[in-house]
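Everything on this sheet refers to the single structure shown next.
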2 protein chains.
Amino acid sequence: MARTTDNASASATSANSSITNVAALANVSIATVSRVLSGKRTKDDDIARRVRAAAAHLNYSVNYAASALRSTVTNTIGLVIPTANDPFCAQLLDEIEPVIDVDSQQLLLGIGGDQATQIQRIESLVDRHVDGLIVLPAWEAYLSAELEHYASTLPIVQVGGRQCSFRTSMVSVDENAAMEIVIGHLAERGIASVAYMAGKEISFESAELFTMFHTQMRAHHLATETEWNRFGDRSVQRGFNCAMRLFSEPLVQPEAVVCADDAIAFGVMVALHSLGLRVPEDVLVVGYNDSPIARTTMPPLTSVRPPFKQIVSEALRLLNDGPDSPAHISLAPQLIVRESTNYQR
Amino acid sequence: MARTTDNASASATSANSSITNVAALANVSIATVSRVLSGKRTKDDDIARRVRAAAAHLNYSVNYAASALRSTVTNTIGLVIPTANDPFCAQLLDEIEPVIDVDSQQLLLGIGGDQATQIQRIESLVDRHVDGLIVLPAWEAYLSAELEHYASTLPIVQVGGRQCSFRTSMVSVDENAAMEIVIGHLAERGIASVAYMAGKEISFESAELFTMFHTQMRAHHLATETEWNRFGDRSVQRGFNCAMRLFSEPLVQPEAVVCADDAIAFGVMVALHSLGLRVPEDVLVVGYNDSPIARTTMPPLTSVRPPFKQIVSEALRLLNDGPDSPAHISLAPQLIVRESTNYQR
DNA sequence: TTGTAAGCGTTATCAA
DNA sequence: TTGATAACGCTTACAA
């Protein structure tokens, strides 16, 4: 019997205490301590309380390296994103980090703007034996082979983009629903014609959206013109240029503009302003991503808000389900209605 | 002698090979393998080559958990930021991640928008035994006690903000140099008067900058008015409002506006545009942070670019120096001159 | 339900 | 230099 009560609390509140110290102080074996603290022992009797008290008193926290070495989990989640300088990625980061941390897990971050770098990051994280991997593919990054290769070892969830592998799970924004909500909202406002400034974004299937735009327009009997609707980058400049071209001609003009990104919408609003057109009285404008910019435009911008909280919770749930049950979950976004569409025709 | 050459390559290219497999294949002891692969054995003789070849052949990579358990390093760096939705933080993330990864280290990310959350994140990361900790304090987060407490255990580098502790290292942007460069640039353009829209940012000592603004203005014999210069948030709206107030009155008006953030500058430019004032012919505008927005304003915005690469390399160097030699490094930013100040009076 | 003891894969120690 | 071996702190059979 190695139970020693004497001098057990000698090194109290010293941070570098191991499970042995806790066991000694609680007067139980290290196995019991391990079981109580890891939740493998459900009863909340005197022993459990003694262990927890001892752990608290010694300011004990498990050594993750030792834990990971012996068991099969590392309590880490890997996240690979193309860049932090993207409103979708940044908002997702802000949403996912606290959720992971309350699980007493940690977030290992990999950033890669192209296919090669993303593959490197994925391999690094797999080497670290992360418990799960969440990947936001970079624009034009084909990660199929990579993801398939690790899909059997490790639960992987892809977020957004073109689906890379049917062997990994995927969570994405339901772009069809997004467009339905946007066009429905504009139809309710009494709008007759809409222009669409499409994009080619990370989080977003542009072609699918473009198709859905026309489907929804027909469904609501709204008008559009081929030359109104273009693919392009999602910069303020692009929105400005497109809107200047569109609204400075004395031809027929759309009563509303739907943009694939808030930045484009911002550019559109600046252009309209400089042309003497008022938002929303003359033209309604809708953005996408509900980035911080949407709250600070003048007037504030109605924008499609990706369901970040749901994306995060579904992604983590799919990771927990393990690699054997891949699923594709599509989540409807929410339309945040602000001043830029607050006008009834 | 436990050297076995037979069936050593049986499990070749199987990913889950340990140091034992490598040792067997290379016909040396595991200790030698460890020394060769960790660089503790400098010679590049036949043994070293054999070991490396075996490791490559078996697709071996060290088990970080085991390595961390035995040695004192985990090959992880902790980074705590207030939010990813901030251009300074986002750009720093994009810069720091690749530098860490080439060191075959990994980035553990903690996000906390307030003092309590940041303290939690710091504690989580310390529990994980990160080799070093980089902290960007949140606005009004006082982390002194926390940082001091861990400063002896762990190298900590604070980036930006008010200095929390003299026992930890710090890397910051030299705001005095920033203001000197900005005002110097405007003076060269032949400007006579300048307004300053100060901020209260994460990466940025507003009061210090405000003082330096006046110092530099005097040094260059430029004029300013008390009511031109206000503290405030760094939103587009704020810039717009301030500029509208400033430039719609028929009083004396500044010939240039310096802003504590690109977003403010953007708002200013929108306001000027709507008042019929041209940038840069009528008013010069300077931003701060050189965020993606600066390249997409119309015209493109001259902006102070924090020296991200240097901040990253200095922070990592200070981490490597260990916790015993705290230093404060102040790095001069660079002025990215674009169209918004490209006008000679 | 508890304690004992055997590893997990690596690095550090020490003797050769 | 090298190899044998003892930790590192934990989890998990297995036995009590």
Side-chain angles (χ1 to χ4, degrees), chain A residues 1-5 11 14-51 54-55 58-76 104 127-129 131, chain B residues 1-5 11 14-51 54-55 58-76 104 127-129 131:
Chain A
M1 290 304 234
R3 295 184 189 177
T4 55
T5 45
S11 62
S14 134
N16 30 344
S17 51
S18 77
I19 198 172
T20 315
N21 305 114
V22 179
L25 183 56
N27 205 28
V28 293
S29 71
I30 59 166
T32 301
V33 174
S34 174
R35 284 188 282 249
V36 169
L37 296 180
S38 66
K40 300 227 164 185
R41 183 182 177 285
T42 44
K43 244 199 305 187
D44 185 19
D45 55 4
D46 184 55
I47 289 179
R49 263 167 285 145
R50 239 161 52 214
V51 168
L58 294 171
N59 195 22
Y60 168 80
S61 64
V62 338
N63 180 318
Y64 289 95
S67 172
L69 178 57
R70 184 54 229 248
S71 73
T72 52
V73 299
T74 55
N75 285 298
T76 52
S104 73
D127 273 356
R128 291 265 167 184
H129 298 293
D131 295 337
Chain B
M1 289 303 236
R3 297 186 188 177
T4 56
T5 44
S11 63
S14 134
N16 32 344
S17 51
S18 77
I19 198 171
T20 315
N21 305 115
V22 179
L25 183 55
N27 206 28
V28 293
S29 71
I30 59 167
T32 301
V33 174
S34 175
R35 284 187 284 250
V36 169
L37 295 181
S38 68
K40 299 229 164 184
R41 183 183 178 284
T42 45
K43 243 198 305 187
D44 186 19
D45 55 4
D46 184 54
I47 289 180
R49 263 168 284 145
R50 237 162 54 214
V51 168
L58 294 172
N59 195 22
Y60 168 80
S61 64
V62 332
N63 181 320
Y64 288 96
S67 172
L69 177 57
R70 183 55 178 125
S71 72
T72 52
V73 298
T74 55
N75 286 299
T76 53
S104 72
D127 274 357
R128 290 266 167 185
H129 298 291
D131 296 337

Whole angstroms only, please: what is the [atom1]-[atom2] distance between [X] and [N]?
| X | N | atom1 | atom2 | result |
| --- | --- | --- | --- | --- |
| I47(B) | dG3(D) | CD1 | C1' | 11 Å |
| D46(A) | dT2(C) | CG | C1' | 15 Å |
| D45(A) | dT2(C) | CG | C1' | 11 Å |

Measure across L58(A) and L25(A) and return the closest heavy-atom pair with its distance rounded to 0.1 Å.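 In this case the closest contact between L58(A) and L25(A) is CG-CD2, 3.8 Å.
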
Nearest 0.5 Å please: distance from the [atom1] atom of [X] over to the [atom2] atom of [Y].
| X | Y | atom1 | atom2 | answer |
| --- | --- | --- | --- | --- |
| D46(B) | R49(B) | CG | CZ | 5.5 Å |
| H129(A) | S61(B) | NE2 | OG | 6.5 Å |
| R70(A) | N63(A) | CZ | CG | 15.0 Å |

Are any of the side-chain heavy atoms of V62(B) and L37(B) separated by less than 4.5 Å?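 Of all side-chain heavy-atom pairs linking L37(B) with V62(B), none is under 4.5 Å.
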
Taking the side chain as C-beta and beyond, is there a heavy-atom pair between T76(A) and R128(A) under 4.5 Å?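 T76(A) vs R128(A): side chains apart.
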
Working note: R41(B) + I47(B), criterion side-chain contact (heavy atoms from CB on, under 4.5 Å); need CA distance, chi angles, decisive distance, verdict. CA-CA 10 Å; R41(B) 183 183 178 284; I47(B) 289 180; 3.7 Å; yes

So does T32(A) get a side-chain nitrogen or oxygen closer than 4.0 Å to the phosphate oxygens (OP1/OP2) of dG3(C)?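 So the side-chain polar atoms of T32(A) do come within 4.0 Å of the phosphate oxygens OP1 or OP2 of dG3(C), strictly under.
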
Pick out which of V22(B), N21(B), I19(B) makes a side chain to side chain contact (heavy atoms under 4.5 Å, CB included) with I30(B).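 So the option named by the test is I19(B).
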
Which of the following nucleotides, dA4(D), dT1(D), dG3(C), is nearest to the side chain of K43(B)?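 Closest nucleotide among those given: dT1(D).
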
At under 4.0 Å between heavy atoms, how does the protein contact nucleotides 7-16 of chain C? Give one character per nucleotide, 5' to 3', with B, S or -. BBBBBBB---

Watson-Crick or G-U stems involving DNA chain D, each at least 3 pairs long, distances under 3.5 Å, ordered by first number: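 DNA chain D forms these stems: C:3-16 with D:1-14.
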
